[in-house]
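Comments concern the structure below.
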Number of protein chains: 2
Amino acid sequence: MALNKAELFDDKQKRIAELSKALAHPARIAILQLLAERANCICGDITDELPLAQSTISQHLKALKKSGIIKGEVDGVRTCYCLNEEVVEEFNDIITAFAQDLVISTTQNCC
Amino acid sequence: MALNKAELFDDKQKRIAELSKALAHPARIAILQLLAERANCICGDITDELPLAQSTISQHLKALKKSGIIKGEVDGVRTCYCLNEEVVEEFNDIITAFAQDLVISTTQNCC
DNA sequence: ATCGTATATCGCAATTTTACGATTAAAATA
DNA sequence: TATTTTAATCGTAAAATTGCGATATACGAT
């Protein structure tokens, strides 16, 4: 750990947690899958596809946006949401490495 | 999506969300790293290493255990926590695939 | 049998999350 | 200009999360 108690947690730990938190609800997974599936910006059809109220979806979109993994740009009366390529890559790198570390370490687990 | 509104979310979406939720706090990331780093069961030293009260850490351990990614077995007066190899692998598979899908799709993003 | 230690659980408070309907703002259309 | 449409925000309620100290439990050691 090499961390003083006072320092709380390091940036990497916080970032992994933050990105994980963005994915910590099935609706947000579904939104990301929709955005990936269509491979282009979709807008309010997210609302049609998911079993949640428009205001709730707007909140989930806001949560995803806060983490950086999606971006949204206003296009007239609609808003066009896309995956944010840089952050998707950051997420992929960071979570793949983390998961790999866990997998590797379990080979010498005691229980 | 191919999902009726009434069906809410599918099992895979729920499982990704559940595992992500387990990782959605820096303390829980730190705990997983500790368990991986030591490559064997550690017990209450988690409490010594982290800047949180014993009861709080016990709660975080419970959350991790609920997701399945760690297991704990009582060993006399102590409890020995380990990464759960099967679930770590499940997590690795599931999250790697999900991240990859996102990455691949961004190559034809419109914004 | 008693004491000390390790860990889980309880009770509580503060904060955050989730969800919804209602409202607002802004743009497109009639 | 008036109306409709899209999406964000507001207000609110219920539930979950986070954190802590205090307590309980259970085991090992004396």
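These numbers were taken from a predicted model, which means no experiment stands behind them. Letters go in sequence order (proteins before strands), and every chain restarts at 1.
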Rounded to whole angstrom units, what separation is found between the CG atom of B:Leu61 and the P atom of D:dT18?
13 Å

Start at the 5' end of DNA chain C and walk down; is the nucleotide closest to A:Lys66 or to B:Ser58 reached first?
B:Ser58

Tell me: NZ of B:Lys65 to C1' of C:dT7, nearest whole Å?
11 Å

What's the CD-C1' distance between A:Glu73 and D:dT6, to the nearest Å?
16 Å

Using whole Å, report how far NE2 of A:His25 lies from C1' of C:dA19.
9 Å

What nucleic acid atoms does A:Lys21 come within less than 4.0 Å of, heavy atoms only: base, sugar-phosphate, or nothing?
sugar-phosphate

Closest contact, heavy atoms only, A:Leu32 versus B:Leu102
O-CD2, 3.8 Å

Rounded off to whole Å, could you give me the CG-to-C1' distance for the A:Leu52 and C:dT17 pair?
13 Å

Spacing of B:Leu64 atom CG relative to C:dA8 atom P, expressed in whole Å:
12 Å

Can you measure A:Ile57 atom CD1 to D:dT9 atom P for me and round it to whole angstrom units?
15 Å

Quick one: does B:Gln54 reach the base of C:dA8 with a side-chain donor-acceptor pair under 3.5 Å?
yes

Under-3.5 Å donor-acceptor pair between A:Gln59 side chain and D:dA8 base:
no

In whole angstroms, how far is the C1' atom of D:dA7 from the CG atom of A:Asp48?
13 Å

What are the atom names and distances for every N/O pair under 3.5 Å that joins the protein to nucleotides 27-30 of chain D?
none

Would you give the length of the straight line joining atom CG of A:Leu23 to atom CD1 of A:Ile29, rounded to the nearest 0.5 angstrom?
4.5 Å

Donor-acceptor check, side chain of A:Asn84 to backbone of A:Lys71, threshold 3.5 angstrom: yes or no?
no

Evaluation steps, side-chain contact (heavy atoms from CB on, under 4.5 Å), between A:His25 and B:Lys21
CA-CA 8 Å; A:His25 192 291; B:Lys21 196 172 180 180; over 6 Å; no

With the side chain defined as heavy atoms from C-beta on, B:Tyr81 is closest, among C:dA8, D:dG21, C:dC20, to C:dA8

How long is the gap from CD on A:Glu73 to OG1 on A:Thr79, to the nearest 0.5 Å?
9.5 Å

Donor-acceptor contacts under 3.5 Å from residues 50-66 of chain B side chains, at least two apart:
| unit_1 | atom_1 | unit_2 | atom_2 | d |
| --- | --- | --- | --- | --- |
| B:His60 | ND1 | B:Arg28 | NH1 | 2.9 |

A:Gln13 (side chain) donor-acceptor with A:Asp10 (main chain) under 3.5 angstrom:
yes

